[in-house]
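A short write-up of the structure that comes next.
Here is how names work: the chains are called A, B, and so on, in the same order as the sequence lines, proteins then strands, and each is numbered from 1. A quick note: this is a predicted structure, and the numbers were derived from the prediction, not measured.
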Protein chains: 2
Amino acid sequence: MKTATAAAAPQQAPAPAPRPGLRERKKQRTRDALLRAALELFITRGYEQTTVDDIARAVGVSQRTFFRYFPGKEEVAFAMQDMVEAHFMTSLRARPADEPPLEALRRAVLDCWDSVREAVASIAPLELYLRMFRTIESTPVLLATHLRRSMEKEEHIAAVLAEREGLDVDADPRPRLVVAAFGGVLRVTGRLWSTGEDLTLEGLRALTVRYLDQVGTALAGSWRTPDPPDRAGAPAGRADA
Amino acid sequence: MKTATAAAAPQQAPAPAPRPGLRERKKQRTRDALLRAALELFITRGYEQTTVDDIARAVGVSQRTFFRYFPGKEEVAFAMQDMVEAHFMTSLRARPADEPPLEALRRAVLDCWDSVREAVASIAPLELYLRMFRTIESTPVLLATHLRRSMEKEEHIAAVLAEREGLDVDADPRPRLVVAAFGGVLRVTGRLWSTGEDLTLEGLRALTVRYLDQVGTALAGSWRTPDPPDRAGAPAGRADA
DNA sequence: AGGCTAATGTCAGTCGCTGACATGAGACAA
DNA sequence: TTGTCTCATGTCAGCGACTGACATTAGCCT
């Protein structure tokens, strides 16, 4: 029962007073159990085929209790995504201020992919995250929500970029424009990866590098060359410039 | 079955047999009434504040009947969007084959905006469309669905572009990449327009022109100039190249 | 130990949506 | 016209995601 571990707040608990509190631990355990059970069910049985009652029953609590821990069924599905996105924002802010915006974005994503494993480890193994990602991409209603969340995130990113460059997001559209274009490419990357057969993190990273490198040439004039022959980690030229 | 079901479809009815059919007309009228009533309610009262029962009651039919005409509450909200998107695809296909991909996309959107009024007129006045667009952008669940639909549409567009250039969409990522980047910019445009105070079609068109012209410079290196001073229809330089 | 509060369970109700069944209003032939 | 025949509609029952209200219970504090 003791098991210590204390805080371990999964989300963003400001933890004003480090009170292990016997009661708190129980809540934390329940939340974790619900989260884990839900993800497991979503991945194996499918999101739509999983009812909230199923999740609650798997943990041994009432449906009402589930809704006291999560605002809705969807939120559980995005719990890990939340962490990774927060992690990305940290990576982005850590970029040196002299990097051009697009380059900063590029590096931040790659850094992020390189350290997702550790970022997610507190909740579940990396594989669970990757599988859930695929589930999201293949479940229409989740995909829709995912896109809206991405859009909101992009707004946030644009703000960071604008600050880096000392611009006003509302006066200069460029931050939002780059982020939107960049986000679009990432979306394609994620989609292609999730429908492919290589479900490893390395595969995703390689695809990201490849597509980010190609977007520059893709935007230019007309395409007459067959398909730029490069594959993996070749640090080829970046977007136009 | 007889009657060939034929007509019914208000959207793209090839109308194989011009049979007025007394019964058919009634169905058509009901569908129109439901659509109009729904849009009216969504716009005035808000999407979430409008129940399907409200819509059905406003038309004088049962809730069950509503669901016999529309697969769900959301579909009604996107009925006009469907028409406009189909219209865009037509515009795109009408573009001369020698235009570079990005330019074709650009012209297609602008052509589309120039003729939306006529395209939508068969269902409702333009204003209703614009207002519904804003409602979609400001209603989280609708926005999410809208983004997913856009993504699906982009897949379609990428296919058209690939065909224009004689490429294989699955072998060459460039079609999907340009479309994604382009779509991202349009998304920003739509969002900015819908949150601004100028809800005219002209305003939307102007914004589109402006942002499409800026995305090229925005992607390049770092931004040190304050905010490229151009405004409306200036046919400025395209994306880099 | 006893009281206070917070976590949980139970119940009822709303809303989107669906299958099943009965009925009535058009289409069509005799 | 009459009589089928079918197709649109209404009614009813039920599921699943939620939510508010109330009762119960378990941790916390003195």
Side-chain angles (χ1 to χ4, degrees), chain A residues 1-3 6 13 17-34 37-38 41-42 45-78 139-142 144-145, chain B residues 1-10 17-35 37-38 41-42 45-78 139-142 144-145:
Chain A
M1 290 302 209
K2 297 281 202 69
T3 67
R19 302 175 49 189
L22 205 155
R23 207 188 203 142
E24 295 302 315
R25 268 185 288 145
K26 213 169 175 181
K27 282 212 308 180
Q28 197 56 45
R29 259 193 301 132
T30 306
R31 207 197 118 96
D32 280 9
L34 282 170
L41 287 170
F42 289 166
R45 193 185 311 179
Y47 178 78
E48 322 240 47
Q49 284 64 49
T50 305
T51 75
V52 175
D53 281 307
D54 289 337
I55 305 170
R57 209 174 312 118
V59 178
V61 297
S62 72
Q63 191 212 50
R64 197 65 180 83
T65 293
F66 172 90
F67 286 111
R68 287 205 177 91
Y69 280 95
F70 299 95
K73 193 182 164 189
E74 287 198 339
E75 273 72 9
V76 199
F78 291 104
T139 307
V141 49
L142 288 184
T145 299
Chain B
M1 309 312 187
K2 295 221 308 247
T3 69
T5 64
R19 302 182 50 187
L22 204 156
R23 207 184 201 146
E24 296 302 315
R25 268 185 288 145
K26 212 167 176 182
K27 283 211 309 183
Q28 196 56 45
R29 260 192 300 132
T30 307
R31 207 197 120 97
D32 280 9
L34 282 170
L35 183 50
L41 286 169
F42 290 165
R45 194 186 309 179
Y47 178 78
E48 322 240 45
Q49 284 63 52
T50 304
T51 75
V52 175
D53 281 308
D54 289 336
I55 304 171
R57 210 175 310 120
V59 178
V61 296
S62 72
Q63 190 213 49
R64 196 65 180 82
T65 293
F66 172 91
F67 285 110
R68 288 206 176 91
Y69 281 95
F70 299 95
K73 192 182 165 190
E74 285 198 341
E75 273 72 8
V76 199
F78 290 104
T139 307
V141 51
L142 287 186
T145 298

remark   = Sorted by chain and number, sequence neighbours left out, ring pair (Phe, Tyr, Trp, His ring centres under 6.0 Å) with A:Tyr47 holds for A:Phe42

Between [atom2] on [N] and [atom1] on [X], what's the gap in Å once rounded to a whole number?
X: A:Phe67; N: C:dA7; atom1: CZ; atom2: P; result: 19 Å
X: B:Glu24; N: D:dT9; atom1: CD; atom2: C1'; result: 15 Å
X: A:Phe42; N: D:dA17; atom1: CZ; atom2: C1'; result: 12 Å
X: A:Arg45; N: D:dG16; atom1: CZ; atom2: P; result: 11 Å
X: A:Arg25; N: D:dA26; atom1: CZ; atom2: C1'; result: 15 Å
X: B:Phe70; N: D:dA8; atom1: CZ; atom2: P; result: 15 Å
X: B:Asp53; N: C:dC17; atom1: CG; atom2: P; result: 12 Å
X: B:Arg57; N: C:dG16; atom1: CZ; atom2: P; result: 11 Å

inquiry  = With a 4.5 Å cut-off on side-chain heavy atoms, are B:Val76 and B:Tyr69 touching?
reply    = no

inquiry  = Using side-chain heavy atoms (C-beta onward) and a distance below 4.5 Å, is A:Arg64 in contact with A:Arg68?
reply    = yes

Is any side-chain nitrogen or oxygen of [X] closer than 4.0 Å to OP1 or OP2 of [N]?
X: B:Lys73; N: C:dC17; value: no
X: B:Lys27; N: D:dA8; value: yes
X: A:Tyr69; N: C:dA7; value: no

inquiry  = I'd like to know if the side chain of B:Asp54 and the backbone of B:Thr51 have a donor-acceptor N/O pair within less than 3.5 Å.
reply    = yes

Just the table, please: protein N/O against nucleotides 10-14 of chain D N/O, every pair under 3.5 Å.
unit_1: D:dG10; atom_1: OP1; unit_2: B:Ser62; atom_2: N; d: 3.4
unit_1: D:dG10; atom_1: OP2; unit_2: B:Ser62; atom_2: N; d: 2.9
unit_1: D:dG10; atom_1: OP2; unit_2: B:Ser62; atom_2: OG; d: 2.7
unit_1: D:dG10; atom_1: OP2; unit_2: B:Thr65; atom_2: OG1; d: 2.2
unit_1: D:dG10; atom_1: N7; unit_2: B:Arg68; atom_2: NH1; d: 3.3
unit_1: D:dG10; atom_1: O6; unit_2: B:Arg68; atom_2: NH2; d: 2.6

message = Both B:Pro71 and A:Lys26 contact DNA chain C. Which one's nearest nucleotide lies toward the 5' end?
response = A:Lys26

What pair of heavy atoms forms the shortest contact from [X] to [Y], and how long is it?
X: B:Phe70; Y: B:Leu35; value: CZ-CB, 4.2 Å
X: A:Ala56; Y: A:Leu34; value: CA-CD2, 4.4 Å
X: B:Thr30; Y: B:Val61; value: CG2-CG1, 4.3 Å

request  = Identify which nucleotide among C:dA7, D:dC7, D:dA17 has an atom closest to any side-chain atom of A:Arg23, counting heavy atoms from C-beta outward.
outcome  = C:dA7

